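In this text the structure is predicted, and so the values were computed from the model without any measurement.
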Amino acid sequence: MNSHLRRAAVAVAAVSMAAGLAACGSAKEAAGGEKKKDKDGPLTIGLLLPENQTARYERFDKPLIEKKIKELAGADTVVLYENAKQDASVQQQQVDTMITKKVDALIVDAVDAKSIASSVKKAADKGIPVVAYDRLAEGPIKAYTSVDNERVGKIQGESLLKELGDNASKGEIVMMNGAITDPNAKMYKDGAHSVLDGKVKVGKEYDTKEWKPENANENMKGAISSLGKENIVGVYSANDGMAGGIITAMKSAGFDKLPPVTGQDAELSAVQRILADEQFMSVYKPYKPEADAAAELAVALAKGKGAESVAKSTVDSGTQKKVPAVIVTPFALTKADIGKYVGKEGFFGLDEICTDKYKEQCEKAGLK
């Protein structure tokens with residue numbers, strides 16, 4: 001073969017190899033390979049939250065995440081937001097929409113952690129990294145951030161036991177757990193049981209459908225009818241919304257004095273109930289570090305960086321091992337603790353808490 005033919009053959013081989021590598025790369029991306037971005041233009045990041053009955057999502061999580069994303073990626077970054085309003089099928093459709101809009105990364109707080117797995121895979125197959133927020137979604141998620149959920153349950157259980165004191169052996173408690181579709185609910189329950197088991201008798205226990213206060217209210221009515229109001233010494237409520245429904249049921253049943261009721265999320269209405277001695281405690285989860293972590297993970301992944309640049313620990317989901325994770329520490333919130341958090345980012349201002357209706361209670365609690 002002369003030199004001209006040899007050079008032509010080498011050129012053809014090089015072109016064929018490049019085409020093969022390109023095809024291989026395309027196949028890998030189509031099969032869910034991680035998309036590497038070298039993007040000069042603005043990012044587009046999707047944010048899907050699960051419901052709007054719990055005040056935290058619209059009041060704190062959404063604005064905090066959006067603010068941090070724009071701080072990290074620039075003011076021209078687009079954040080596409082949807083709320084599923086506690087409907088898992090709606091959330092799956094919302095993921096499809098985000099895929100169609102070709103977001104660079106997606107933050108998802110799953111309505112149903114198991115059923116969202118197929119949607120997470122769809123996104124991953126299109127090269128869109130998914131960050132699981134607050135609830136550990138199944139499927140090929142790239143990262144996860146939440147509070148220490150088992151610790152939440154332990155804090156609730158420890159607080160309830162301490163408040164019950166000698167009354168712990170003089171009656172029964174009702175346990176109002178969260179929805180079985182939420183993996184966090186099981187962790188809260190496990191944490192609480194690890195503290196309460198053997199120390200107090202659980203007269204009735206419920207897994208509350210969709211976390212709805214009205215469902216907790218109906219469950220509590222059933223517990224009161226079954227156990228008798230004179231025998232209920234305390235209520236473990238997994239969150240504040242359900243605590244409100246539980247307290248309404250007890251008031252309607254004519255309790256002389258409300259037994260201690262736990263909660264979680266430090267909602268405004270719960271803070272006010274705590275001041276009014278209707279709800280004993282809640283759990284304050286610092287939303288800002290959790291929201292910041294979600295934003296940092298999404299921006300890093302959108303730019304083609306690994307989640308490990310942000311996440312320093314790992315967790316296992318039902319379908320995946322060693323998911324990079326950022327876990328935030330929660331704190332108990334009783335009447336004595338409210339003053340520590342007033343006005344902080346992710347909590348409420350004095351004017352919001354101490355309305356005319358609660359002015360006297362605020363003064364007694366030293367909130368001025």
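No donor-acceptor pair under 3.5 Å is formed between the side chain of Ser282 and the backbone N or O of Leu333. Formation of a donor-acceptor pair under 3.5 Å by the Asp182 side chain with backbone atoms of Asn184 is found in this model. With hydrogens and angles disregarded, no donor-acceptor distance shorter than 3.5 Å links the side chain of Gln94 to the backbone of Leu49. The main-chain N or O of Ala55 is found under 3.5 Å from a side-chain atom of Glu267 such that the two form a donor-acceptor pair. In this structure, Glu352 contributes its side chain and Gly349 its backbone to a donor-acceptor pair below 3.5 Å. Proximity of a side-chain donor or acceptor of Ser313 to a complementary backbone N or O of Ala325 within less than 3.5 Å is detected. Of the possible donor and acceptor atoms, one in the side chain of Ser309 sits under 3.5 Å from a partner among the backbone N and O of Gly306. In terms of modelled atom types and a separation under 3.5 Å, the side chain of Ser225 and the main chain of Lys221 share no donor-acceptor contact. Under the 3.5 Å distance criterion, the side-chain polar atoms of Asn217 are matched with a main-chain donor or acceptor of Gly245. Judged by distance alone, the side chain of Thr262 and the main-chain N or O of Ser237 form a donor-acceptor pair under 3.5 Å.
The line from OH of Tyr188 to CG of Asn149 is 4.0 Å long, rounded to the nearest 0.5 Å. Taking CG of Asn231 as the start and NZ of Lys229 as the end, the distance is 11.5 Å to the nearest 0.5 Å. Interatomic distance, CG of Leu136 versus CD1 of Ile141, reported as 5.0 Å (0.5 Å rounding). Asp104 CG to Thr77 OG1: the interatomic distance, rounded to the nearest 0.5 Å, is 9.0 Å. Between atom CG of residue Leu48 and atom CD of residue Glu82 there is a gap of 7.0 Å, rounded to the nearest 0.5 Å. Note that the CD1 atom of Ile353 and the CG atom of Leu275 stand 7.0 Å from one another [nearest 0.5 Å].
Within the 4.5 Å cutoff, the side chain of Met242 has heavy atoms near those of the Trp211 side chain. Between Leu268 and Arg59, the closest side-chain pair of non-hydrogen atoms is not below 4.5 Å. The shortest distance between side-chain heavy atoms of Gln279 and Ile246 does not fall below 4.5 Å. Within the 4.5 Å cutoff, no side-chain heavy atoms of Val120 are placed close to those of Val108. Residues Ile107 and Ile69 form a side-chain contact, since some pair of their non-hydrogen atoms from C-beta on lies under 4.5 Å apart. Phe331 is listed as a side-chain neighbour of Pro286, based on a closest heavy-atom distance under 4.5 Å. Between Lys212 and Thr208, every side-chain heavy-atom pair lies at or beyond the 4.5 Å cut-off. In this structure the side chain of Thr355 reaches within 4.5 angstrom of the side chain of Gln272, judged on heavy atoms.
Shortest non-hydrogen contact noted between Glu290 and Ser146 is OE2-CA, 3.5 Å. Heavy atoms only, all atoms of each residue included: Pro183 and Ala113 are closest at CD-CB, 3.3 Å. Ala291 and Asp61 get closest at one heavy-atom pair: CB-O, 4.5 Å. Contact detail for Gln53 and Pro213: the closest heavy-atom pair is OE1-CD, 3.5 Å. Of all heavy-atom pairs between Lys189 and Asp207, the closest is NZ-OD1, 2.9 Å. Contact record, Ala75 with Lys70: O-NZ, 3.4 Å, taken as the closest heavy-atom pair.
Residues satisfying the side-chain hydrogen bond (donor to acceptor under 3.5 Å, both in side chains) test with Thr334, not counting sequence neighbours, are Asp337.
Phe280 and Tyr358 are assigned to two separate hydrophobic clusters, defined by single-linkage of ILVMFWY side chains at heavy-atom distances under 4.5 Å. Put simply, Leu64 and Val78 are part of two different groups of oily side chains (I, L, V, M, F, W, Y) that touch within less than 4.5 Å, one to the next. Hydrophobic cluster membership is shared by Val103 and Ile99, with clusters built from Ile, Leu, Val, Met, Phe, Trp and Tyr side chains linked at under 4.5 angstrom. Cluster annotation: Leu43 and Leu47 are assigned to the same hydrophobic cluster (Ile/Leu/Val/Met/Phe/Trp/Tyr, side-chain heavy-atom contacts under 4.5 Å, transitive). Cluster membership check: Val271 shares its hydrophobic cluster with Tyr341, using side-chain heavy-atom separations under 4.5 Å among Ile, Leu, Val, Met, Phe, Trp and Tyr.
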Go through the steps for Lys85 and Glu210 under the test salt bridge (charged side-chain N to carboxylate O under 4.0 Å, His left out), then give the verdict. CA-CA 10 Å; Lys85 298 181 180 178; Glu210 296 180 345; over 6 Å; no
CA sep, side-chain torsions, deciding dist, call: Ile224, Met220, side-chain contact (heavy atoms from CB on, under 4.5 Å): CA-CA 6 Å; Ile224 294 167; Met220 193 64 203; 4.0 Å; yes
Could you go through Glu51 and Val111, starting from their C-alpha distance and side-chain angles, then the distance that decides it, and tell me whether this counts as side-chain contact (heavy atoms from CB on, under 4.5 Å)? CA-CA 8 Å; Glu51 45 103 344; Val111 173; over 6 Å; no
Verify side-chain contact (heavy atoms from CB on, under 4.5 Å) between Met281 and Ile155, making sure each step is shown before the conclusion. CA-CA 10 Å; Met281 63 82 69; Ile155 288 171; 4.0 Å; yes
Let me see the working for Arg56 and Asp134 under side-chain contact (heavy atoms from CB on, under 4.5 Å), right down to the final yes or no. CA-CA 12 Å; Arg56 59 167 287 190; Asp134 204 56; 3.3 Å; yes
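Only one option out of Val328, Asp292, Asp265 pairs with Tyr287 in a side chain to side chain contact (heavy atoms under 4.5 Å, CB included); it is Asp265.
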May I have the list of side-chain donor-acceptor pairs in residues 171-181 shorter than 3.5 Å, sequence neighbours left out?
residue	atom	partner	partner atom	Å
Glu172	OE2	Lys201	NZ	3.4
Asn177	ND2	Glu205	OE2	2.8
Asn177	ND2	Tyr206	O	3.4

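Within a 6.0 Å radius of CG in Asp166, other residues, nucleotides and ligands contribute 12 heavy atoms or fewer. Atom CD of Glu360 has 12 or fewer heavy atoms from other residues, nucleotides or ligands within 6.0 Å. Sparse packing is recorded around NZ of Lys322, with 12 or fewer heavy atoms of other residues, nucleotides or ligands lying under 6.0 Å away.
Side-chain N/O atoms of Glu66 and Tyr81 include no donor and acceptor closer than 3.5 Å.
Ion pairing between Asp277 and Lys364 fails under the 4.0 Å rule for side-chain N and carboxylate O. Under the 4.0 Å criterion applied to side-chain N and carboxylate O atoms, Asp240 and Arg273 are not assigned as salt-bridge partners. In this structure, Arg151 pairs ionically with Glu158, as a charged nitrogen and a carboxylate oxygen lie closer than 4.0 Å.
Note: Tyr284 and Phe347 have perpendicular aromatic rings, judged against thresholds of 30 and 60 degrees for the angle between ring planes.
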